[in-house]
Colleague: 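Input: one structure, supplied below.
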Amino acid sequence: MKLLVTGGAGFIGSNFVHYVIANTSHHVTVLDKLTYAGNLESLKGLPSERFRFVKGDIADAALVDELVAEADAVVHYAAESHNDNSLHDPRPFLDTNIIGTYTLIEAARRHGTRFHHISTDEVYGDLELDDPARFTEQTPYNPSSPYSSTKAGSDLLVRAWVRSFGLQATISNCSNNYGPYQHVEKFIPRQITNVIDGVRPKLYGKGENVRDWIHANDHSSAVLTILDKGEIGETYLIGADGEQNNKDVVELILEEMGQPRDAYDHVVDRPGHDLRYAIDSTKLRNELGWKPEYSDFEAGLAATIAWYRENEGWWRPQKAATEAKYKEQGQ
Ligand code: NAD
Ligand code: TDX
């Protein structure tokens, strides 16, 4: 198969491209704008006979039409992805997440191309800390931030294009990913690289917020499973039963890196900060037979810490500017 992967120079997209090249015989074309979040270094070493990189915007209708026409399937990762950025400058989130997705699905419907839309559990809003419930495919949409509301909007566009135009699409909503190649603006890489720099980790608010962590490779295997066996028009939730509160994650990072477990600071909370995300992935597991491989979060975190220690050249160029931005925000 010839896959067109949008956002393939970002965190999860680049992990997916490496996973596809290692585990299938598909050819991959990456379309990526190389925003602050895209990094060609994340795609280094891929075989040129199976991989091609195209720099461009998913909202560029002519370019998108040309690339979608050549592809057997599109896997759509490209997005503005950081909640904190969306609170300070929402506009790029509308341009890329809404108009970019619209541009892609219009091309996919013209060419009858199989389309897989990557989304997030954040479209469902949040759960109470003491609520035993988890998100399912039936949970009503209730997004909190400009980021999650534009992702919710993009999901709804895909659903409408399936119903009204027969778009050959599936959707997946995944929980928080961790692993190599994640930008240092995000929680886990920010704290790991802070500790490497001798800076104390920064916890928003009390640190009680819960995220449901999944290794990026497990997200990739789930997406390949849906691409292969998923039913058109269906939504699948992807999660690996990895609930942890932020304070526990920071303590694990400090311990693994040989620091006292309490060597962190509390900083100003994120406005509208979602309390808890938790995914019930029963549908994906029972209907398509998927299961995660990385069930040991501490081991996965240790491997991620080792990756950031060994790949300082990858993250160092972004670190100072990222921290300067957080400092301005009191975070
Ligand atoms: P990221 O910010 O690391 O990467 C996004 C990539 O998209 C970058 O390479 C960027 O250059 C590219 N991009 C941005 N705007 C573009 C445009 N207009 N045209 C072409 N390329 C553009 O994001 P990520 O964390 O890898 O997330 C990827 C996808 O997965 C997103 O759709 C996100 O909503 C979803 N998701 C992320 C998580 C998570 O934990 N990070 C969880 C669930 C779902
Ligand atoms: O320095 C920090 N301190 C802190 O306590 C940062 C950067 C974050 N946090 C908290 C906020 C969240 O509760 O850590 C948690 C995780 O934060 P992020 O890494 O910003 O992720 P989150 O907002 O949960 O969203 C992520 O998961 C869902 C991705 O960025 C989204 O793209 C995805 O949809």
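One-based numbering along the sequence shown. Numbering of ligands and ligand atoms starts at 1, following listing order.
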Colleague: With Thr150, which of Asp95, Thr101, Asn97 fulfils side chain to side chain donor-acceptor pair (under 3.5 Å)?
Modeller: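 Answer to the side chain to side chain donor-acceptor pair (under 3.5 Å) test with Thr150 among Asp95, Thr101, Asn97: Asn97.
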Colleague: Flag yes if more than 12 heavy atoms outside Glu49 fall under 6.0 Å of its CD atom; otherwise flag no.
Modeller: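 It does: Glu49 CD has more than 12 such atoms within range.
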Colleague: Checking side chain to side chain contact (heavy atoms under 4.5 Å, CB included) for the pair Gln318/His183: CA distance, chi angles, key distance, verdict?
Modeller: CA-CA 8 Å; Gln318 278 81 45; His183 195 281; 3.5 Å; yes
Colleague: Over 60° means perpendicular and under 30° means parallel, so classify the ring planes of Tyr181 and His18, tilted if in between.
Modeller: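 Geometry flag for Tyr181 against His18: parallel rings.
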Colleague: Using the salt bridge (charged side-chain N to carboxylate O under 4.0 Å, His left out) rule, collect all pairs that involve residues 180-196, keeping only residues at least two apart or in two chains.
Modeller: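 Those involving residues 180-196 are Arg190-Glu323.
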Colleague: Note every protein N or O atom lying under 3.5 Å from an N or O atom of ligand 2, pairing the names and giving the distance.
Modeller:
unit_1, atom_1, unit_2, atom_2, d
ligand 2, 1 (O), Arg190, NH1, 2.8
ligand 2, 1 (O), Gln191, NE2, 3.1
ligand 2, 1 (O), Lys202, O, 3.4
ligand 2, 3 (N), Lys202, O, 2.8
ligand 2, 5 (O), Tyr204, N, 2.8
ligand 2, 13 (O), Arg211, NH2, 3.2
ligand 2, 13 (O), Asn246, ND2, 2.9
ligand 2, 13 (O), His273, NE2, 2.7
ligand 2, 14 (O), Asn246, ND2, 3.4
ligand 2, 19 (O), Phe187, N, 2.9
ligand 2, 20 (O), Arg270, NH2, 2.9
ligand 2, 23 (O), Asn83, ND2, 2.8
ligand 2, 23 (O), Arg270, NH1, 2.6
ligand 2, 24 (O), Asn176, ND2, 2.9
ligand 2, 24 (O), Arg211, NE, 2.8
ligand 2, 25 (O), Glu122, OE2, 2.7
ligand 2, 27 (O), Glu122, OE2, 3.4
ligand 2, 27 (O), Asn176, OD1, 3.3
ligand 2, 27 (O), Asn176, ND2, 3.1
ligand 2, 30 (O), Ser81, O, 3.4
ligand 2, 32 (O), Ser81, O, 2.9
ligand 2, 32 (O), Tyr147, OH, 3.0
ligand 2, 34 (O), Thr120, OG1, 2.7
ligand 2, 34 (O), Tyr147, OH, 2.5

Colleague: Applying the side chain to side chain donor-acceptor pair (under 3.5 Å) criterion to Asn173, which one of Asp121, Asp155, Thr120 satisfies it?
Modeller: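 It is Asp155, the one option of Asp121, Asp155, Thr120 that forms the side chain to side chain donor-acceptor pair (under 3.5 Å) with Asn173.
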Colleague: List of N/O pairs, ligand 1 versus protein, all under 3.5 Å?
Modeller:
unit_1, atom_1, unit_2, atom_2, d
ligand 1, 2 (O), Ser81, OG, 2.7
ligand 1, 3 (O), Phe11, N, 3.0
ligand 1, 9 (O), Gly10, N, 2.9
ligand 1, 9 (O), Asp32, OD1, 3.2
ligand 1, 9 (O), Asp32, OD2, 2.6
ligand 1, 11 (O), Asp32, OD1, 2.6
ligand 1, 11 (O), Leu34, N, 3.4
ligand 1, 11 (O), Thr35, N, 3.0
ligand 1, 11 (O), Thr35, OG1, 3.1
ligand 1, 18 (N), Asp57, OD1, 2.9
ligand 1, 18 (N), Thr96, OG1, 2.9
ligand 1, 19 (N), Ile58, N, 3.0
ligand 1, 21 (N), Lys33, N, 3.0
ligand 1, 23 (O), Ser81, OG, 3.2
ligand 1, 26 (O), Phe11, N, 3.3
ligand 1, 26 (O), Ile12, N, 2.7
ligand 1, 32 (O), Tyr77, O, 2.9
ligand 1, 32 (O), Lys151, NZ, 2.6
ligand 1, 34 (O), Tyr147, OH, 2.6
ligand 1, 34 (O), Lys151, NZ, 3.1
ligand 1, 40 (O), Asn177, N, 2.9

Colleague: Could you tell me whether Arg276 and Asp126 make a salt bridge, using a distance below 4.0 angstrom between a side-chain N and a carboxylate O?
Modeller: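 Looking at Arg276 and Asp126, the cut-off is not met.
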Colleague: Is there any salt bridge (charged side-chain N to carboxylate O under 4.0 Å, His left out) pair reaching into residues 293-315, and which pairs are they, with sequence neighbours excluded?
Modeller: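 As it turns out, the salt bridge (charged side-chain N to carboxylate O under 4.0 Å, His left out) pairs with a partner in residues 293-315, which skip direct neighbours, are Glu312-Arg316.
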Colleague: Between Tyr308 and Trp314, what is the ring plane arrangement, given parallel below 30°, perpendicular above 60°, and tilted in between?
Modeller: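 Ring orientation, 0 to 90° scale: perpendicular.
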